[in-house]
**Q** 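Submitted below is the structure of interest, expressed as structure tokens.
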Amino acid sequence: MKNIYENEMKLEFVSKSNNEAFARISVAAFAAQLDPTVEELADIKTAVSEAVTNAIVHGYEDKEGTVKILCKLVGNSITIEISDTGKGIENIEMAKRPLYTSKPDLERSGMGFTIMENFMDEMEVQSIVGLGTKVIMKKVIKKDEVEEETITEVLNQISNMK
Ligand SMILES: Nc1ncnc2c1ncn2[C@@H]1O[C@H](COP(=O)(O)OP(=O)(O)OP(=O)(O)O)[C@@H](O)[C@H]1O
Ligand SMILES: [Mg+2]
């Protein structure tokens with residue numbers, strides 16, 4: 001039997017948009033231990049990028065603050081928590097709706113949360129006005145299961161040929 005793999009890392013950086021690429025690449029490098037597919041890794045990068053951009057643009061509104069990321073690997077899943085201590089969200093349900101943005105003037109499309117929800121298996125938003133926001137996302141890396149399925153399929157095909 002395989003042991004359940006557990007690992008953890010934390011990142012903390014200043015809320016400058018230059019750090020968005022740093023955050024997305026760092027999380028992807030950590031997630032690589034789970035041996036994800038290129039597509040799974042791209043999904044994680046996009047989701048991290050959306051959450052970090054939100055913390056910088058909405059949480060701190062381009063004032064200086066700290067963005068924190070906590071990543072945990074358990075078994076074949078990765079959990080990513082991205083938090084800020086910025087202005088917080090008044091109405092979380094409304095904020096999560098596709099196309100809702102509080103900054104239409106800044107060419108925002110209001111699709112960040114929708115993208116995070118679609119690209120990850122789970123997404124939860126916790127927020128208190130004046131205290132900050134935390135986005136918790138989880139993704140299960142399915143690569144191994146797919147490979148096992150493929151092996152089973154090939155074995156079945158071989159036995160059918162006999
Ligand atoms: N960390 C945050 N702090 C405060 N408000 C937030 C935070 N994240 C999101 N919001 C609020 O939720 C709204 C929706 O976020 P979402 O990412 O879906 O869209 P957007 O950022 O406005 O546009 P896009 O992500 O498409 O550029 C934002 O417009 C903002 O009002
Ligand atoms: Mg956004």
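Whatever order the structure lists them in is the order used to number ligands and atoms, beginning at 1.
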**Q** Which of these, Val52, Val135, Ile89, has its nearest heavy atom closest to atom 11 (C) of ligand 1?
**A**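 Of the listed residues, Ile89 has the closest heavy atom.
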**Q** Answer yes or no: is there an ion pair linking Glu64 with Lys16, defined by an N-O contact shorter than 4.0 Å?
**A** yes
**Q** Which residue and non-hydrogen atom of the protein lie closest to atom 17 (O) of ligand 1, and at what distance in Å?
**A** Asn54 ND2, 2.8 Å
**Q** When only distance counts, is Met116 in polar contact with ligand 1, meaning an N/O pair under 3.5 Å?
**A**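 So ligand 1 has no N or O lying under 3.5 Å from an N or O of Met116.
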**Q** Side chain of Ser127, backbone of Gly132: donor and acceptor closer than 3.5 Å?
**A** yes
**Q** Any chance you could measure Asn54, atom CG, to Asp84, atom CG, to the nearest 0.5 Å?
**A** 9.0 Å
**Q** Does the Glu61 side chain pair with the main chain of His58, one donor and one acceptor, at a distance under 3.5 Å?
**A**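 No.
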**Q** Would you mind checking which non-hydrogen protein atom is closest to atom 27 (O) of ligand 1, with the distance to 0.1 Å?
**A** Arg108 NH1, 3.1 Å
**Q** Quick one: pull up CE in Met137 and CE in Met123 and give me the separation to the nearest 0.5 Å.
**A**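 CE of Met123 is found 8.0 Å from CE of Met137.
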**Q** Out of Val135, Leu70, Val48, Ile136, which residue meets the side-chain contact (heavy atoms from CB on, under 4.5 Å) rule with Ile80?
**A** Val48
**Q** Confirm or rule out an N/O/S atom of Thr101, from backbone or side chain, lying less than 2.8 Å from the Mg ion (ligand 2).
**A** no
**Q** So which protein heavy atom does atom 18 (O) of ligand 1 come closest to, and at what separation?
**A** Phe113 N, 3.0 Å
**Q** Out of Asp84, Ile56, Thr101, whose heavy atom is nearest to atom 22 (O) of ligand 1?
**A** Thr101
**Q** Does Lys139 use its side chain to pair, donor to acceptor, with the backbone of Phe119 at less than 3.5 Å?
**A** yes
**Q** How close does the nearest protein non-hydrogen atom get to atom 16 (P) of ligand 1, and which residue and atom is it?
**A** Gly112 N, 3.6 Å
**Q** Going by an N to O cut-off under 4.0 Å, is there a salt bridge joining Glu40 and Lys45?
**A** no
**Q** Give the single entry among Ser102, Ala95, Gly132 that approaches atom 29 (O) of ligand 1 most closely by any heavy atom.
**A** Ser102
**Q** For ligand 1, note which part of Thr53 has a heavy atom under 4.0 Å away: side chain, backbone, both or neither.
**A** neither
**Q** When you measure from the side chain of Asn19 to the backbone N and O of Phe22, does any donor-acceptor pair fall under 3.5 Å?
**A**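 Side chain of Asn19 to backbone of Phe22: no pair is present.
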**Q** Which atoms of ligand 1 sit under 4.0 Å from any heavy atom of Gly59?
**A**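 Within the 4.0 Å cut-off of Gly59, ligand 1 contributes 2 (C), 3 (N), 4 (C).
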**Q** Side chains of Tyr60 and Thr85: is there a donor and an acceptor less than 3.5 Å apart?
**A**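 Per modelled atom types, Tyr60 and Thr85 side chains form a pair under 3.5 Å.
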**Q** Closer than 4.0 angstrom: is that true for some heavy atom of Gly86 and an atom of ligand 1?
**A**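 No; Gly86 lies far enough from ligand 1 that no heavy-atom distance drops under 4.0 Å.
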**Q** Can a donor-acceptor pair be found between the side chains of Thr53 and Glu20 at a distance below 3.5 Å?
**A** no
**Q** Short list, please: which atoms of ligand 1 are under 4.0 Å from a heavy atom of Ser109?
**A**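 Contacts of ligand 1 toward Ser109, numbered from 1: 23 (O), 24 (P), 26 (O), 27 (O).
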**Q** What part of Thr133, side chain, backbone, both or neither, has a heavy atom within less than 4.0 angstrom of ligand 1?
**A**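 Only the side chain of Thr133 comes within reach of ligand 1.
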**Q** For atom 19 (O) of ligand 1, which protein heavy atom lies nearest, and how many Å away is it?
**A**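 Result: Gly110 CA, 3.2 Å.
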**Q** Which atoms of ligand 1 sit under 4.0 Å from any heavy atom of Glu50?
**A** 25 (O)
**Q** State whether the shortest distance between N or O atoms of His58 and N or O atoms of ligand 1 falls below 3.5 angstrom.
**A**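 Yes - when backbone and side-chain N and O of His58 are compared with those of ligand 1, one distance drops under 3.5 Å.
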**Q** Within a distance under 4.0 Å of any heavy atom of Ala55, pick out the atoms of ligand 1 and give their elements.
**A** 1 (N)
**Q** Between the main-chain N or O of Leu73 and the side-chain N or O of Thr79, is there a donor-acceptor pair closer than 3.5 Å?
**A** no
**Q** Mind checking whether Lys87 has an N or O less than 3.5 Å away from an N or O of ligand 1?
**A** no
